[in-house]
Structure formats: structure tokens, C-alpha cells
Q: 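Could you have a look at this structure, given as C-alpha cells, before my questions?
Basis for what follows: all heavy atoms, side chains included, without hydrogens, waters or symmetry-related copies. Note that the structure is predicted; figures quoted are calculated from it, not measured.
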Amino acid sequence: MAMLFAVQEINRNPKLLPSIKLGYRIFDNCVRLDVAFRAATALVSGTEKYFSMRNCSGLPPVLGIVGDPGSTHSIAISSVLGLFRVPMVSFFATCSCLSDRQRYPSFFRTIPSDAFQVRAMIQILRHFKWTWVGLIYSDDDYGRHAAQSFHEDITTFGGCVAFSEILPKNNDIVEIRKIMHVIQTSTTRVIVVFSTGSYLLPLMDEVVRQNVIRQWIASEAWSTSTAFLVPRLLPFLRGTLGIAIRRGEIDGLQEFLLSVRPDNDSKNNMVRRFWQEMFSCRFEPEEALAVAEGKVCTGQEDLSKADMAYSDVSDLRPSYNVYKAVYALAHSLHNLVSCVPGQGPFKGNSCASLHDMQPWQLLHYLQSVNFTTGFGDQVSFDKNGDALPIYDILNWHGMPDGSMKAKTVGDVDESQPSDKVLSLEEDKIFWNFKSKKPPRSVCSESCPPGTRKATRKGLPVCCFDCLPCADGEISNTTDSLECFRCPKEFWSSLEKDRCVPKEVEFLSYEEALGISLTTVSIFGACVSAVVLAIFVHHRHTPVVRANNSELSFLILLSLKLCFLCALLFIGQPRTWTCQLRHAAFGISFVLCVSSILVKTMVVIAVFKASRPEGQGAMKWFGTAQQRGTVFILTSLQVVICVIWLSTASPTPHKNTHYQSSKIVFECAVGSVAGFATLLGYIGLLAAISFLIAFLARKLPDTFNEAKFITFSMLIFCAVWIAFVPAYVSSPGKYADAVEIFAILASSFGLLMAIFAPKCYIILLHPERNTKKALMSRTTK
């Protein structure tokens, strides 16, 4: 009826085809491919009878066909019509395969392709973050091609198909129950269905029987079907979201429908059959007595009083597409007849002949047609013959009378900017769940920042485990596929979601270990200063003067420097501290050990000088020689330090090898050979001092300071022998702590072993601090 109305409206329009009247021929395909195919071939093969009307005569000029509504029928018919370039405009065939211009060059449609419908569904799934969905489709061209497109497109936003099931053509209950078992065992809460109502109804009957509630997503083939909007299905299908053909309005259509009356034309029995069914009557009295209780149709019954969907024009969808299809052909024909001679699109800039128009000529104009309907919708076709992709989004609501109604809650318009393609009024959507909120439908919950996705073996990509990032790696987005390593001087936070500067570790004055070592170092320096003060104060006493008091002062001064140089190993390394710490340490200890070595040699010289055969020994160990020996021995260490610092000086170094999560701020020695030479020289002097003192340990008690020197050097050597392996195996700041400990331990060992006995006599037994007392001691 929408086609009839459109043709009559065009014929009355003085601005559209003013000198041409359109005619039509309507065939019922009886939902059979063979019937539809015969009808189409009859129209284009010229089997119609000749006609004569005013100035027109000959075969009926069939320039275009509106239909077929089915995808399978359209595929078959377009394959033939394409050979003759006869344009065919379908109002309901949605198979994406029909967009193939190589196979179907003359096919157009005023309904969007399934490819667009699938993309519209993907927009909905993406909006609600439904990444785990089931798919059910009919076993026909419509269902198979839609399912194929859906499988391809759902991956664009990270979605997956939980299951994919085909509805049986013969409504086999065994197959239906297998599908129901898959639905119930699947974890998905959302199911997309591409099917016509006839294939889907048996499944919905089983849904009712098994009391299954899911979120259904309906394709345009059944989203507006009244067969599902019934009270029996309300508890299970309310809340369904559906893609629907764009609703339109056609002014004057309702009045036209109510004005239709049957006639006696035998070739136009469609209205008569409709009339008989609507009013339960028959036009033939004999037939009326047999099947209609004697009620005879008059043809004047009032359609406005009949309660039926026939005259309801509030929700025009397929009918609106038929209306647009007729107008598309009419506008194309209008453009064809409006061609200016010499400016035409055909060979030699010619126009089509008005008395011999060919379908292929109309096809040319149909490809570029562009007009706006009275409802305000733009109609045009892309290069594949597809209409502008616009869909309404429906939501099934329960009504007070127990039925359901499909209400528009949004639309999908691909002509809009990408962020406005989907428009939804979410507050108007009814959800058929206890929470009254959109369901969650994911195989695995999103991985938070700090983790990465790891796909489960044998399952779709939507099914994954969330693995925490390794130390030093982060992910700062949801559902990250991989973790990223932090830059060299950064480390991952505890949450592994951001990089933070690495902790810089060095032996600090603020930490307990640093405070302890600093305290001990200062204490040792103070003790050395106190002992030095005691010795200075009692410098004229025999105990202090024995064996050259000047060497004792020099040893105490160097010990004080040894204690203080330990402080250079504490605090943040800087260039000057790195260079000074080892130099100060090496020179201070050489000064100390060389003084002890000379002091030991003086003890032996004094003993020999006390004997007649060695009276000239002391001339070789006078004060000048002692000073010179200490100076020369110390100068050699100074030379070692100068060469080391000038060739490969120690520098601050940020070391990340000890511990990846920290930066160990240390002093790189620069030259291992230089450092080893410095320590080796100290060790050599210490070994010589120990050896000489050990050999002199049995001298008479009166001169036997060698015992204390032997003991002090034993402590010194033991500490530094233990230092080497401890230093090498200690990481970071603990290496500095080990070196400080060795410095302090050896310094305290020297201080206590050499000077404690003398301080004991000076402070506690002053009566023994006399020359007579010292000379009266006997040898053992």
C-alpha cells in the first residue's frame, strides 16, 4: 500500500515528473524463491501484453523494480537483473553480500546493509563494555553473512564470541535444546540474535520452558515483530535491546489506507482478499454461505472502525523504506528526463531518449540520486548502492495489560562525528535484572594498572589472567598487554603503576650506622688528642721521653688523622671526597706505621748501644735520621697517591648492579692497581714493623717497648687481612662501612696497645714514672 500511495502522490506532484505518469505491477512472492524469480524475469523479459494509451503504445517500459524484501531472493534476482542493468531497489534485503558491485551492479536498497547493522550492534556492546557475548543466527544468507561480519567486527574493540549457534531450519527440538544447553552453561549474559521471527520462535518457547533470563540483542529482522511482544514472553524478553529500521512518517498515508476499496479487476485481487479476511465476509453469496456464515462483502465497510494494525501509521519502518525506494526511482527518472541535450552523461554528451528509455540509463542516474523526504530524511546511495546507515535503538518495555512495547531509546547514525555515532537515553532503558542496571558480560575482569593480560591457552583473547608486572616494570593503563621497563634511574612503585625515582643509597650521617661510625671516629680522635695532651704535659718524664718522645707525638698525631679520615667515607660521595678519602687514609696510616717502624728500630738500636760492642749504633739512628726515615717512607706514599689521582682518579659513581631497585652512590676507585699499591705499601711497612718488633720482643724489660709494638702490629695486620675479603664481598654502602671499621679498629688497636700501658703508669702510678724505677726493672 505504501508503494501505491507513493506512485499516486508522485503522479499528482506537478514538480516531479510533470509530463510522465508512473505505473506499477505488484507481484506476491508467496515467500518462495521460485515465485519471486519468475515474477522478476517476467517483468524484464517482455512477456507482458502490448498496451495502448493516448500517445503511448508497445511493451510496458519496466525501468526498475522495488523489492524483493528477502536477502536470498534479492541475491538470486539481482544476479539476473544485473546482466541487463535493470535497477532493483530493495526495502528490506540487508545481506552485506549484496554490496558487492562486481556481482550485483544494479542492486540498491533503502535499508542499511547488515555490515552497518553489525557495526551498530558493536557500538552498543562497546558502550556497555560487553566483551563476552553469545551469537545465534538463522541458517540462511541473512544470518550467515551477518554472523560472519559480527565475528570480524567484534574484535575491533577487544570483544569475543562466547559461542556461535545456528538455528535449525526445521525447528528440530533436539537442536533447539542443544542451543539452550550452550546458553545455560556459558558465562555470558548477553546474546546477539540475527534471525527472522519464524526461525527464532521455537527457541523462545524453550527459553520460557527452561526459565532462562539473558540480555537479548535483536537484529532488525525481529526487533519490531509483534509475535514476540506478547504476555507469555514478557518475563523473559522485556529489556531486550534491538536494532530497528529508521522510523519515518508519511503524510496522508493513513487517509489513503482508509480510502482503499476493493474492485472487480481479476488481476488485482489483493485488496479483495484482504477485505474478506478483515471483515470475515465473502463477495460471492454462495461462498459466503459456505465459509462466512452468509455474510456478504459490500466493499463499503468502514475501515476506520476496524481495530487493526493496518491503519496504524505511528511506527512506519519497512513501509517507509518502500516509500523512499519509489521516490528514489522517481527522482532518478526526473533527473533523466531533465537532461539538457548536448550536456548529457552518455556517449557524445547525449541524453536518454524519452521514447526509448533503457533501464541502464536510469541506473546511471539512480547511483547519484540525492533528495530529502517530507519527514526530513536524506536519501542517497553510496558507491555500493547502500543507503545512509541510520538505525533506531529499541528497548522492550512491559505494559500494564501484560504485553510489551518496543520504545525508541536512541539511534546509531554513522554520518555523525565518531564520538556522536551512538546516541542513547539510558534513563529510559529497562533492564530485566534485579539490579535494574546493565549486566556485566565479560570473560575476565579488566586488568588494573600494574598488571598485564596473559591469554589463557585455548580460549579467546577475552579470557585472560592478570599477571603482576615484574620488578622494575609498570603498566599505567587498564588491560595493558605488556609491562614497560622503567628508565635506568627509576623503579616501579609498589603498585607497579608508575615509575618513581630509585632510592639513592650511600652511607649517610642521618642513619644509625653512619651515626655510630661517626661517633666512634670522633671518639677515637678525641682519645688520641687527650693522650697527646697527656704526653705533652708529661713530656719531661722518663716514660714519655723513652725511645724518642717526638715519634710518640707523631704517632698520636697520625692516629688522630686516621680517626678523622674515616669521616670522609660518610656522606654523599663528591669528587673531592672521593679523591681525598683514600689519599688521606693512605698517607695517615703510612705516617703512623713508618713512625712505629722507626720507633721499633730505635728500641733495637738503644739495646745494642748499651753493650760495649754496639756503642756506635746510635749514631746511625739519631733524631735527624729518624725524621728523615719517616719523611722518606711517607713521601713514597704521597707519590703513589699523586700518580693514582692524576692518572685514574676516584670519582662518584651511581651503581645499579648491586640492587636493581636502588642506586648505590659510591666512589669508584678509578684504578684498582693504584688502590692495591696504596694498600700494599701500608701492608709492607706493617709487616716489616711486625717482623722487627717480633724479633725484639725478648729484649730486657727495661727497653721492652717492642712487646707492645708487636701486639699492636699483630692487631693491625689481622684487621687489614680480614678487611680484603670483607670489602670485596660487601655491597654498596656496606663496603664503606667495612673500610671505616678497619680504619677505626686498627687505629684503636695501635692506640691502645702502644699508649695504654704508658698512660696507665703516667696517670695511675706516677711513682713508677721515674728513671730509677725504669732502670731497676729486670729482664725476665
Side-chain angles (χ1 to χ4, degrees), residues 1-14 16-18 20-31 35-36 39 42-43 48-49 51-54 56 60-62 64-69 89 91-92 226 247-327 329-330 373-375:
M1 288 300 179
M3 179 176 175
L4 269 63
F5 174 77
V7 170
Q8 293 184 15
E9 188 177 60
I10 292 167
N11 287 339
R12 292 195 304 268
N13 189 342
L16 185 62
L17 298 173
I20 295 178
K21 298 297 181 183
L22 297 179
Y24 57 87
R25 181 79 170 167
I26 298 177
F27 287 87
D28 186 355
N29 65 14
C30 300
V31 199
V35 174
L43 288 172
E48 293 293 311
K49 295 181 180 179
F51 75 97
S52 177
M53 185 176 117
R54 299 184 74 173
C56 299
V62 178
I65 295 177
V66 176
D68 188 287
V89 186
F91 56 90
F92 210 65
T226 56
R247 187 191 72 85
E249 294 180 5
I250 305 175
D251 291 337
L253 178 61
Q254 186 174 38
E255 292 77 8
F256 170 78
L257 294 175
L258 295 177
S259 67
V260 170
R261 292 292 181 271
D263 55 33
N264 295 320
D265 187 353
S266 60
K267 294 183 180 181
N268 186 19
N269 63 352
M270 187 182 299
V271 176
R272 291 172 63 88
R273 291 170 59 187
F274 162 74
W275 205 270
Q276 290 177 153
E277 292 298 324
M278 180 54 58
F279 294 104
S280 301
C281 61
R282 294 294 183 271
F283 283 97
E284 301 298 331
E286 296 81 3
E287 187 179 357
L289 288 172
V291 297
E293 299 180 356
K295 188 176 181 180
V296 179
C297 299
T298 64
Q300 300 302 316
E301 286 83 358
D302 190 356
L303 286 172
S304 63
K305 294 181 180 180
D307 184 15
M308 55 185 174
Y310 167 75
S311 59
D312 183 7
V313 296
S314 62
D315 194 34
L316 297 177
R317 297 185 189 275
S319 300
Y320 185 52
N321 281 349
V322 172
Y323 181 80
K324 291 191 292 185
V326 175
Y327 261 89
L329 289 170
T373 68
F375 186 57

Q: Sort and list the pairs that fulfil salt bridge (Lys or Arg N to Asp or Glu O under 4.0 Å) and have at least one residue in residues 316-325, not counting sequence neighbours.
A: Asp315-Arg317, Arg317-Asp392
Q: Can you tell if the side chain of Pro69 reaches within under 4.5 Å of the side chain of Asn29, non-hydrogen atoms only?
A: yes
Q: Given side chains that start at C-beta, do those of Gln254 and Phe5 come closer than 4.5 Å, heavy atoms only?
A: no
Q: Output every pair passing side chain to side chain donor-acceptor pair (under 3.5 Å) with a member in residues 278-290, not counting sequence neighbours, ordered by first then second residue.
A: Arg282-Glu287
Q: Please round to the nearest 0.5 Å and tell me the distance separating atom CD of Glu249 and atom OG of Ser314.
A: 9.0 Å
Q: Using atom types as modelled, flag every donor-acceptor pair under 3.5 Å from a side chain in residues 272-279 to any protein atom, sequence neighbours excluded.
A:
{"residue": "Arg272", "atom": "NH1", "partner": "Asp263", "partner atom": "O", "Å": "3.3"}
{"residue": "Arg272", "atom": "NH1", "partner": "Asn264", "partner atom": "OD1", "Å": "3.2"}
{"residue": "Trp275", "atom": "NE1", "partner": "Glu301", "partner atom": "OE1", "Å": "2.7"}
{"residue": "Gln276", "atom": "OE1", "partner": "Phe283", "partner atom": "N", "Å": "3.4"}

Q: Test Leu303 against Arg261 for side chain to side chain contact (heavy atoms under 4.5 Å, CB included), laying out the working first.
A: CA-CA 9 Å; Leu303 286 172; Arg261 292 292 181 271; 4.2 Å; yes
Q: Hey, is CG on Asp302 packed in by over 12 heavy atoms from elsewhere, all under 6.0 Å?
A: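 Check passes, neighbour count above 12.
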Q: Going by atom type alone, with no hydrogens or angles, which donor-acceptor pairs under 3.5 Å involve a side-chain atom of residues 6-14 and a protein atom two or more places apart or on another chain?
A:
{"residue": "Glu9", "atom": "OE1", "partner": "Tyr323", "partner atom": "OH", "Å": "2.6"}
{"residue": "Glu9", "atom": "OE1", "partner": "Tyr327", "partner atom": "OH", "Å": "2.6"}
{"residue": "Asn11", "atom": "OD1", "partner": "Leu22", "partner atom": "N", "Å": "2.8"}
{"residue": "Asn11", "atom": "ND2", "partner": "Val7", "partner atom": "O", "Å": "3.3"}
{"residue": "Asn11", "atom": "ND2", "partner": "Leu22", "partner atom": "O", "Å": "3.2"}
{"residue": "Asn13", "atom": "OD1", "partner": "Lys15", "partner atom": "N", "Å": "3.0"}

Q: Is the shortest side-chain heavy-atom distance between Ile250 and Phe256 below 4.5 Å?
A: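 Not in contact.
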Q: With sequence neighbours left out, what residues match Ala325 under side-chain contact (heavy atoms from CB on, under 4.5 Å)?
A: Val66, Val89, Thr110
Q: Specify the closest pair of heavy atoms between Ser319 and Ala2, including all atoms of both residues, with the distance to one decimal.
A: O-CB, 3.6 Å
Q: Restricting to non-hydrogen atoms, name the atom on Pro285 and the atom on Val296 that form the minimum distance, rounded to 0.1 Å.
A: CA-CG2, 4.1 Å
Q: Once ring pair (Phe, Tyr, Trp, His ring centres under 6.0 Å) is applied, do any residues pair with Phe92, and if so which ones, sequence neighbours excluded?
A: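 By the ring pair (Phe, Tyr, Trp, His ring centres under 6.0 Å) rule, Phe92 matches no residue at all.
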Q: Determine whether Val271 and Met1 make a side-chain contact, defined as any pair of heavy atoms from C-beta on separated by less than 4.5 Å.
A: yes
